[in-house]
Amino acid sequence: MSRNNAIVMRYDSPDIQARRDIVYLHGRGGTEREGGFALPLFGRANVRSYRGPLSQGAGFAWFENAGIGVALPESLSGETAKVGDWIAADTGRRLPWLCGFSNGAAMAASLLLAKPGAYSGLIMIAGCFAVEDGDLPENGLADKPVLFCRGSFDNVIPRWKFEQAEAYLAGPSGARASFLPYEGGHELPLPIKAAVQAWLGAEAG
């Protein structure tokens, strides 16, 4: 069953001069509490971590899958619209940055593709686009900053899905894409925090 109301955990920076608002989306089977493990990635930022709308074991997910790395189109479309409404209802003066891990990265990418003007940019960690090649639009992310982070030992996401994402971001998407490979598998990679912070600092100021 899909939930209509948002459940969100807030991590407000003690630095009143924090210049970034981040929306964090957890991995499949996770919860909004996962956002706490991601905080070191963002530096001076206010972070909102949402709970996925679908029950998944002991946790939650963002959409139903047709297979590993590929969503059921009607589920992805419907849940993307719903989550986008949650975020829009809670957005202040600054456009938020999207960041997602695994299943959350796929949802974050879907949100940016659906309404690129609603977000400042995207950080994808250990995730992919949950659609087939033909459903990725030409210039769908035109001039949007995107950081794609992939662990060299990640064997959860199929290799071809990572390759699809990298090829799209590097070419047809039109994004200002950066690629961050790291030594690791399919887990939240806090060792890359300095690199992610540096990228955000360069892109967001």
Side-chain angles (χ1 to χ4, degrees), residues 6 8 20-28 32 34-35 38 41-42 45-53 61-63 65 69-150 157 161-180 196 199-200 202-205:
V8 58
R20 306 172 200 129
D21 291 335
I22 307 286
V23 168
Y24 179 79
L25 306 180
H26 61 75
R28 184 175 294 276
E32 68 280 7
E34 184 180 287
L41 297 171
F42 308 128
N46 296 314
V47 180
R48 285 174 280 155
S49 181
Y50 287 82
R51 176 184 294 183
W62 298 99
F63 50 80
N65 270 355
V70 180
L72 286 172
E74 62 274 19
S75 177
L76 182 63
S77 174
E79 303 304 339
T80 296
K82 179 187 299 179
V83 175
D85 286 346
W86 291 351
I87 296 169
D90 200 20
T91 296
R93 292 181 294 114
R94 295 175 292 203
L95 290 183
W97 289 78
L98 295 166
C99 177
F101 170 71
S102 190
N103 183 234
M107 173 53 80
S110 184
L111 287 164
L112 188 61
L113 284 168
K115 290 189 176 180
Y119 309 101
S120 292
L122 169 65
I123 302 169
M124 298 176 71
I125 303 172
C128 59
F129 294 91
V131 298
E132 305 290 358
D133 282 333
D135 295 324
L136 287 168
E138 191 85 12
N139 289 317
L141 300 176
D143 206 37
K144 284 293 178 180
V146 178
L147 179 63
F148 186 80
C149 309
R150 174 184 178 183
I157 303 296
K161 290 298 296 181
F162 278 138
E163 292 172 350
Q164 175 205 50
E166 290 169 344
Y168 178 64
L169 289 171
S173 73
R176 291 189 284 114
S178 300
F179 300 91
L180 179 58
V196 175
W199 181 84
L200 268 174
E203 293 290 348

(request) With rounding to the nearest 0.5 Å, note down the distance linking CZ in F179 to CD in E166. (result) 6.0 Å
(request) Please step through side-chain contact (heavy atoms from CB on, under 4.5 Å) for the pair V23 and L111, ending with a clear verdict. (result) CA-CA 11 Å; V23 168; L111 287 164; 5.9 Å; no
(message) Measuring from atom OG of S120 to atom CG of L95, what distance do you get when rounded to the nearest 0.5 angstrom?
(response) 4.5 Å
(message) Any non-hydrogen side-chain atom of F129 less than 4.5 Å from a side-chain atom of D135?
(response) no
(request) Could you grab the distance from atom CH2 of W199 to atom CG of L180, nearest 0.5 Å is fine? (result) 10.5 Å
(request) Show your reasoning for whether side-chain contact (heavy atoms from CB on, under 4.5 Å) applies to Y24 and F42. (result) CA-CA 10 Å; Y24 179 79; F42 308 128; 4.2 Å; yes
(message) Walk me through whether L136 and L113 qualify under side-chain contact (heavy atoms from CB on, under 4.5 Å).
(response) CA-CA 9 Å; L136 287 168; L113 284 168; 4.1 Å; yes
(message) What's the separation between atom CD in E34 and atom CZ in F101, rounded to the nearest 0.5 Å?
(response) 6.0 Å
(request) Quick one: closest heavy-atom pair of G69 and C128, and the distance? (result) O-SG, 4.0 Å
(message) Has R176 got a side-chain atom pairing as donor or acceptor with E203's backbone, closer than 3.5 angstrom?
(response) no
(request) Would you mind reporting whether W62 and P53 have side-chain heavy atoms less than 4.5 Å apart? (result) yes
(message) Using the side-chain contact (heavy atoms from CB on, under 4.5 Å) criterion, which residues pair with S173? Sequence neighbours excluded.
(response) L141, Y168, L169, A175
(message) Let me confirm one number: the CG-SG distance from L122 to C99, rounded to the nearest 0.5 Å.
(response) 8.0 Å
(request) Indicate the atoms forming the closest heavy-atom contact of G100 with A108, along with that distance. (result) N-CB, 4.3 Å
(request) Give a yes or no on whether the backbone of F63 and the side-chain of R28 come within a donor-acceptor separation of less than 3.5 Å. (result) yes
(message) To check you understand the geometry: which heavy-atom pair defines the closest contact between G127 and F148, and what is its length?
(response) O-CE1, 3.3 Å
(message) Distance check, rounded to the nearest 0.5 Å: M124 atom CE versus F162 atom CZ?
(response) 9.0 Å
(message) Please check: side-chain N/O of K144 versus main-chain N/O of P116, any donor-acceptor pairing under 3.5 Å?
(response) yes
(message) For R48 versus I87, what's the shortest heavy-atom pair and its separation?
(response) NH1-O, 3.8 Å
(request) Please check if the side chain of T80 supplies one atom and the backbone of L76 the other of a donor-acceptor pair under 3.5 Å. (result) yes
(message) I'd like to know if the side chain of K82 reaches the main chain of S77, judged simply by a donor and an acceptor atom lying under 3.5 Å from each other, with no hydrogens or angles considered.
(response) no
(message) Could you check whether any side-chain N or O of H26 sits under 3.5 Å from a backbone N or O of G52, counting only pairs where one atom can act as donor and the other as acceptor?
(response) yes
(request) Measure the shortest side-chain to side-chain distance between E32 and V8 over non-hydrogen atoms and say whether it is less than 4.5 angstrom. (result) no
(message) So if I apply the side chain to side chain contact (heavy atoms under 4.5 Å, CB included) rule between I123 and each of L200, L98, I22, which one comes out positive?
(response) L200
